[in-house]
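Below is one structure; the comments refer to it alone.
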Amino acid sequence: MSTTAVEVIYRGIFQRTMAKHITRGIVLAARKEGKVGIAFGRYGDSPERNGIPAKQFAIVAANDEELQGSIAKYEPTEVDVTIAVDDALCKGVESWAWYGLQPVNKLLKENGTLIVTSTKSAEELIPHIHKKDVAYNLAIIKGKASFSGLWVYKNDHTDMRMLGALPRVAPHLFGSPALEAAIREEWKDDLKVASAEKSFERVQIRKVKPDEGSPEIPFSFTMPGWKSMEEGLVVRAIPLGGHFEGYDGGYRPERNPYFKKFTTRTMRPVVDFAKCTKCTLCWLQCPDSCFDVTPDGYYDANMEACCGCGVCEAVCPVDKCVTMVNETQFEDNKSQWEMWTKDKNGYAGWLAKKIEHRPERSHGFHHRGQYEGEKIEQID
Amino acid sequence: MAAQATGAAAAKAPPTSKSDDQEMLISGCEAIAHACRLADIDVVTAYPIRPYDTVMQMVSKMIADGDLDAEYIVAESEHSQFEIVKHASAVGARVFAGSSGVGWFYAFEALAVTAGLRLPVVAMVGNRALDDPGAFGTEHNDALAVRDLGWMLTWVETAQEAMDNALIAFRVAEDPHVFLPCAVSVDGAFLTHSQHLVKVPSREKVNQFLKPYNRGNKLLHPDNPITIAPQVNEDWLIEIRKQNDEAMKRARGVIAEAYKDFNRIFGRNYSPFLEEYMTDDADVVLVGQGTLAMPVKVTVRKLREQGKKVGFVRLKWFRPFPTEEIQQSLKRFKAVGVIDRDYSFGSPYSGGVLYTEIRSALYDLPNRPLLHGFICGLGGREVTIEGVTEMSEILLKSAKSGKLEKQVAWIGVRE
């Protein structure tokens, strides 16, 4: 047996404990079958910013010597299973500057399995996931992005449900009896065992062929060497200037090409330009300066820069002008203003449809009452 | 082939039988916290800095859970953190504190006086690159900076060894023949923030190994009226330094003795100063400290499969430096490569600290091996199989030609 690696991609900091439960659970369950293992977080991911994608790993091996090859590393070069505990992560992962955008399935081996919690179908998710040149499996565990493990939040056993799917998708890791024994010992809770068992039955698995998925090529860059890097730790400011490409007038600032941050987003603002009074508040208050000023004086949230924090919606004084919408409702980062300019009626229809998907937020407080009734809705 | 302490044996089922050790899945920091619990420390100070800070979180949890009875003092800086434990140690408390990177440096004055006063403070340094630039990854210059002050320094490879060496550190530091502070260096991220399977012994077993701290007639107490830390001048100081020098020399024997007892009581098979890996018939060896042992051992096995006689020597104690053990070990090889996860700008041949020390230790040997220095893994960059292979090839080439082309090379730096 060679080592088996599992990565858990989650939203820092809210899903951190849940990710830790999953990676710990993997090593503890494998240990019940006499294997050894380690569990760790990708160190650069911490301290984790609000909602930023982060990773933890579990590595299981037959013996200590075999395990040595996986210790003192930040992340494995390939994994047997990737677990994403928020379906908006299907669009990719960028944790820090200079990491680039990693497709969610980047580390996945041929015929490995990507497990996602989602209320969507495989057909709805696959267009968000970057194409891979080998086939893999997509497994869906029905549920929304969970805060399970966060001390203020009710435990919905998402961690146990993820663990429960593993004997099904990667039986060489450990079997269900070992997992049940480990859960009983670590968490002393029969209900958790039951959640894992049910998940084993209910997980939906579908093969993803190499030609399926998003054709987008993630942005990339070259890291400079010591000879070309400026000495003295000098970081030059991004030059002032910039213009709204393809139009006369307007302003689109230059932005950091090495850290775009938009994979932090679990929801995005949509703007009803017909209602906009050009008050400038969204543009002023956006903590990421993500609004481009259009040639006709509107403010267009640039989806290559928006982190989805929702401040623009909160500060907009006009009713239903800026609305946050679930990120999984979108398949590209195109300009809303351009769409509106080209076809105002078409845009109005598009907008009305998107607004139906006000977010089931995966992180942070959004509006009063947002959690009411959520538990019932989540029961599967 | 000597493959001492490598765990080449197949994994066994989880232990339940004879040993009363409890196996836990814990990080290197948590392993250090368990050592604090098992040593039943009296005073612990805390000031947060990554990657050390998981220790203070875990120790506070142990106290809150009733598993440890100790004074937990949150200091307002690292300087106070180490001043507090210094004073507590003088009044007879078993103490622990820790830090990382420039946090450790902020305590520097306290670190210097602790050694000067012969107070057996045990510290953990979660190795972290020095600012600037702010970086979290492991680099050994933080702990190494106290190498000339009278602190004992040990580096570990696994979370298990982190716990074990912390226990050994208390024993050696508090030995009246030594009475010197000791820092256990634990690689940031790779150990501090990585959960490993660790065998945690019972307190009864630890009590056999570690007797209560006893300062004897040096105890600062109203019943034992003494003054410590006087102001002195040139008429006193050199004699005081000489005493510290002798204490550090005695520490070598005390460390060896402590390992003997440790192995007996806990059923381990540690050698005190060096771990040799596949060295018996080696032509060339690499030498290094800490977790870089992992990728090096993996590479050594790969190169062995190709018939290349490469080995590895892991240095476990940097202070006191095991001069004789290093000489006896390294004189057997044609070429030796010292891997430094540190630097010493402007040093002889612009090498690392470890390289410079080993070079010095080998000087009096009649037949010295060719000695290469490799600067590698700074800022926590991974030491890779490719990098270790590159180093090994340089050594094999030197061994073959009998010539040293270049003393020091940087491995894995973007040109």
Side-chain angles (χ1 to χ4, degrees), chain A residues 1 3 20-21 23-47 56-77 96 98 178 181-182 185-186 222-229 232-235, chain B residues 3 5-15 23-28 50-51 54 131-138 157-160 187-197 277 290-302 341 377 380-385 410 413-415:
Chain A
M1 173 192 152
T3 56
K20 190 175 174 183
H21 287 170
T23 53
R24 269 185 79 77
I26 291 166
V27 177
L28 294 171
R31 189 70 186 127
K32 291 286 174 203
E33 294 186 358
K35 295 160 192 160
V36 293
I38 51 167
F40 58 102
R42 192 175 59 189
Y43 189 60
D45 288 346
S46 171
Q56 292 189 26
F57 302 94
I59 317 279
V60 169
N63 57 53
D64 287 337
E65 189 173 273
E66 209 176 79
L67 192 60
Q68 279 175 349
S70 304
I71 301 177
K73 286 180 153 190
Y74 292 109
E75 69 173 36
T77 44
W96 275 75
W98 297 103
E185 192 176 297
E186 177 77 359
T222 312
M223 308 264 266
W226 70 269
K227 288 173 182 168
S228 54
M229 221 186 275
L233 280 172
V234 172
V235 181
Chain B
T6 57
K12 290 169 213 111
E23 189 180 79
M24 298 183 189
L25 181 61
I26 51 176
S27 69
R50 276 207 305 154
T54 313
D131 299 351
D132 266 352
F136 302 122
T138 193
E157 181 193 21
T158 60
Q160 181 75 59
D187 279 355
F190 303 136
L191 283 186
T192 57
H193 283 61
S194 181
Q195 299 174 73
H196 298 233
L197 293 162
Y277 186 75
T291 55
L292 60 80
M294 295 292 178
V296 174
K297 286 175 180 175
V298 173
T299 313
V300 164
R301 289 199 294 272
K302 276 186 198 284
R341 197 164 225 160
R381 185 164 298 178
E382 284 176 16
V383 175
T384 61
I385 290 173
W410 286 57
V413 60
R414 280 194 308 275
E415 286 294 324

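The structure displayed is predicted, hence computed values, not measured ones. Each chain gets a letter, A, B and so on, in the order the sequences are listed, and its residues count up from 1.
- If you measure heavy-atom distances from A/Met229 to chain B, the contacts under 4.5 Å come from the side chain alone.
- Legend: residues meeting side-chain contact (heavy atoms from CB on, under 4.5 Å) with A/Arg24, ordered by chain and number and at least two apart, are A/Lys20, A/Leu28, A/Glu186, B/Leu25, B/Gln195.
- Of all the heavy atoms in B/Glu415 and A/Trp226, the pair that sits closest is OE1-NE1, 3.3 Å.
- Of the atoms belonging to A/Glu185, not a single heavy atom falls under 4.5 Å from chain B.
- Looking at A/Arg31, its side chain never comes within 3.5 Å of a backbone N or O of B/Leu197 through a donor-acceptor pair.
- Here A/Lys73 does not pair with B/Glu382 in a salt bridge; the nearest charged N to carboxylate O distance is not below 4.0 Å.
- Side-chain atoms of A/Tyr74 come within 3.5 Å of backbone atoms of B/Gly380 as a donor-acceptor pair (strictly under, hydrogens ignored).
- Here the CG-CG distance, from B/Asp131 to A/Leu233, works out to 10.0 Å after rounding to the nearest 0.5 Å.
- Nearest heavy-atom pair across B/Tyr277 and A/Glu65 is OH-OE1, 4.0 Å.
- From B/Arg414, atom CZ reaches atom OG1 of A/Thr222 across 10.0 Å, with rounding to the nearest 0.5 Å.
- Under the side-chain contact (heavy atoms from CB on, under 4.5 Å) criterion, A/Ala181 pairs with A/Lys32, not counting sequence neighbours.
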